[in-house]
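Note sheet for the following structure.
Atom set for the values below is all heavy atoms of this structure, side chains included, hydrogens, waters and symmetry mates excluded.
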Amino acid sequence: MQVKHLLLIAILGLTAACSSNKEVIDENLSEAELYQQAQADLDNSSYTSAVNKLKALESRYPFGRYADQAQLELIYANYKNSEPEAAKSAAERFIRLHPQHPNVDYAYYLKGLTSFDQDRGLLARFLPLDMTKRDPGAARDSYNEFAQLTSRFPNSRYAPDAKQRMIYLRNLLASYEIHVANYYLSREAYVAAANRGRYVVENFQETPSVGDGLAVMVESYQRMHLDELAATSLETLKLNYPDHPSLVDGQFVTKVDENGNRSWLSKATLGLIDTQAPLPPGETRANQDVVKQFQDARSEMPQELLPKDENGDPILPEGPKEAEKDRSWFSYMTFGLFD
């Protein structure tokens, strides 16, 4: 046990030492030399070092020949260094200081690109997560930023890529609205569901979710016995989306069972208070959801991304509530490195 304690102290000491080792930049470097070193760091993907050198260049030579270029490349270095807030702040600063700069469109593009990647973390890259069910805040910011680029600089070299990303983002935002509408349907909040469906139909034309929005409107109006509105929406759905999944042999099939097993208390509180069976001691609904999400994602994880055992078989990662429960405090502190 003493050896483990010593190892833990050594690891913490090394971590503290590494975090305190900040790169020292030679004060005698000329503007050109400092810029060349920053360029070399960018070429070698040493983005932290590049950020430090670009900041030093800007502070030491604010009116030098490389000052504007250093500010632009600082946006890129922060973006590649997974510092989205710093990248967007640098982009906004450049746009504010140099609104007529010939490369200001690059700052707009990088600002939108930073928001585009901001909510696509490591899990989203390797696990099949449904991005349409996540908070669309960053996606909405990215769409607006790309829209500024394409409206102000329609002939920019970055405009074609920005327009393609806007199509993807618009589809994602429309799908998110449909997920929210379906949630309202499941909670029997039909007015809110109909409003969400109509919002998609009116504001997200030419996206794949328009048919889903019409289907939500039809079902919501039917539930509220607004027969004329339901019939109009249904005719529009049949005319424009005859192969929609909600249409079976030309007849509309509802998605939500109106007479479900929900209690009056659940209906009155829109599902905020559900009278479900009691949970085991120490268990929560949130934890059950986390476990289910992990199991679903693990079952769909590409096999080639998983580590292999000595027989070449993939090793599935342990999930929540699946590891041993009798772990010591030392195991928790070291994340199981010394179990």
Side-chain angles (χ1 to χ4, degrees), residues 38-39 42 47 50-51 54-55 57-59 62-63 66-121 124-125 129-181 195-196 198-210 213:
Q39 287 295 308
L42 289 175
Y47 299 116
V51 167
L54 291 169
K55 287 182 177 179
L57 175 61
E58 184 182 2
S59 62
F63 304 106
Y66 297 107
D68 295 353
Q69 187 64 24
Q71 293 176 12
L72 271 178
E73 293 182 359
L74 182 60
I75 307 171
Y76 174 78
N78 280 317
Y79 164 67
K80 296 296 289 185
N81 202 35
S82 300
E83 296 288 346
E85 295 304 328
K88 289 196 287 187
S89 177
E92 291 169 356
R93 180 170 177 267
F94 185 89
I95 294 170
R96 184 175 66 254
L97 294 177
H98 310 284
Q100 304 300 325
H101 194 279
N103 294 325
V104 70
D105 58 335
Y106 182 65
Y108 279 101
Y109 176 70
L110 279 182
K111 185 181 177 184
L113 197 61
T114 300
S115 297
F116 184 86
D117 291 341
Q118 190 168 0
D119 60 351
R120 300 178 63 85
R125 296 178 184 178
L129 302 181
D130 189 348
M131 300 299 295
T132 63
K133 295 183 181 180
R134 303 183 64 183
D135 179 20
R140 189 176 292 111
D141 291 342
S142 180
Y143 182 88
N144 293 334
E145 288 153 4
F146 283 137
Q148 286 185 0
L149 169 64
T150 56
S151 62
R152 297 189 181 188
F153 308 96
N155 298 322
S156 169
R157 59 186 296 188
Y158 309 107
D161 181 74
K163 290 178 181 178
Q164 292 299 315
R165 293 178 186 272
M166 288 175 65
I167 294 174
Y168 164 80
L169 290 168
R170 196 162 180 266
N171 291 341
L172 186 148
L173 292 172
S175 296
Y176 175 79
E177 295 294 330
I178 294 299
H179 280 302
V180 175
N195 289 337
R196 289 279 183 164
R198 186 174 67 251
Y199 179 78
V200 171
V201 173
E202 293 177 352
N203 296 279
F204 293 96
Q205 283 294 321
E206 300 181 0
T207 66
S209 298
V210 173

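Of all the heavy atoms in A107 and I75, the pair that sits closest is CB-CD1, 4.0 Å. Here the shortest heavy-atom pairing between G112 and S142 reads O-OG, 2.9 Å. A pairwise comparison of heavy atoms in N78 and A90 identifies ND2-CB, 4.4 Å as the closest pair. When all heavy atoms of V51 and A77 are compared, the pair lying nearest together is CG2-CB, 3.6 Å. The heavy-atom pair separating L149 from A162 by the smallest distance is CD2-CB, 3.8 Å. Among all heavy-atom pairs drawn from S115 and D141, the shortest one is OG-CB, 4.1 Å.
Ring geometry for F153 against Y108 counts as tilted: the plane angle lies between 30° and 60°, on a 0 to 90° scale. The aromatic rings of Y79 and Y76 are tilted relative to each other, their planes meeting at an angle between 30° and 60°.
Of the possible donor and acceptor atoms, one in the side chain of T114 sits under 3.5 Å from a partner among the backbone N and O of L110. A donor-acceptor pair is defined here as one N or O able to donate and one able to accept, closer than 3.5 Å; no such pair exists between the side chain of S89 and the backbone of E85.
The CD atom of Q39 sits 4.0 Å away from the CD atom of E73 when rounded to the nearest 0.5 Å. Considering NZ of K111 and CD of Q148, their distance stands at 6.0 Å, rounded to 0.5 Å. Between Y176 atom OH and R196 atom CZ the span is 6.5 Å, to the nearest 0.5 Å. How far CD of E83 is from OH of Y47: 13.5 Å, rounded to the nearest 0.5 Å. The distance from atom CG of D68 to atom CD of E58, rounded to the nearest 0.5 Å, is 9.0 Å. Between the CD1 atom in I95 and the NE2 atom in H101 there is a gap of 12.5 Å [rounded to 0.5 Å].
With sequence neighbours excluded, no residue forms a salt bridge (charged side-chain N to carboxylate O under 4.0 Å, His left out) with R152.
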List, one per line, each side-chain donor-acceptor pair under 3.5 Å for residues 198-205, sequence neighbours excluded.
| from | atom 1 | to | atom 2 | distance (Å) |
| --- | --- | --- | --- | --- |
| R198 | NH1 | N195 | OD1 | 3.3 |
| R198 | NH2 | N195 | OD1 | 2.9 |
| N203 | ND2 | Y199 | O | 2.9 |
| Q205 | NE2 | V201 | O | 2.5 |

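Using a 4.5 Å cut-off on side-chain heavy atoms (C-beta onward), R165 and D161 make contact. Looking at heavy atoms from C-beta onward, Q100 lies out of side-chain contact with V104 at the 4.5 angstrom threshold.
Checking S156 against D105 by side-chain atom types alone, a donor-acceptor pair falls below 3.5 Å.
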Evaluate the criterion side-chain contact (heavy atoms from CB on, under 4.5 Å) for residue pair N171 and I167; output intermediate values, then yes/no.
CA-CA 6 Å; N171 291 341; I167 294 174; 4.0 Å; yes

Stepwise side-chain contact (heavy atoms from CB on, under 4.5 Å) test for R140 and N144:
CA-CA 6 Å; R140 189 176 292 111; N144 293 334; 4.0 Å; yes

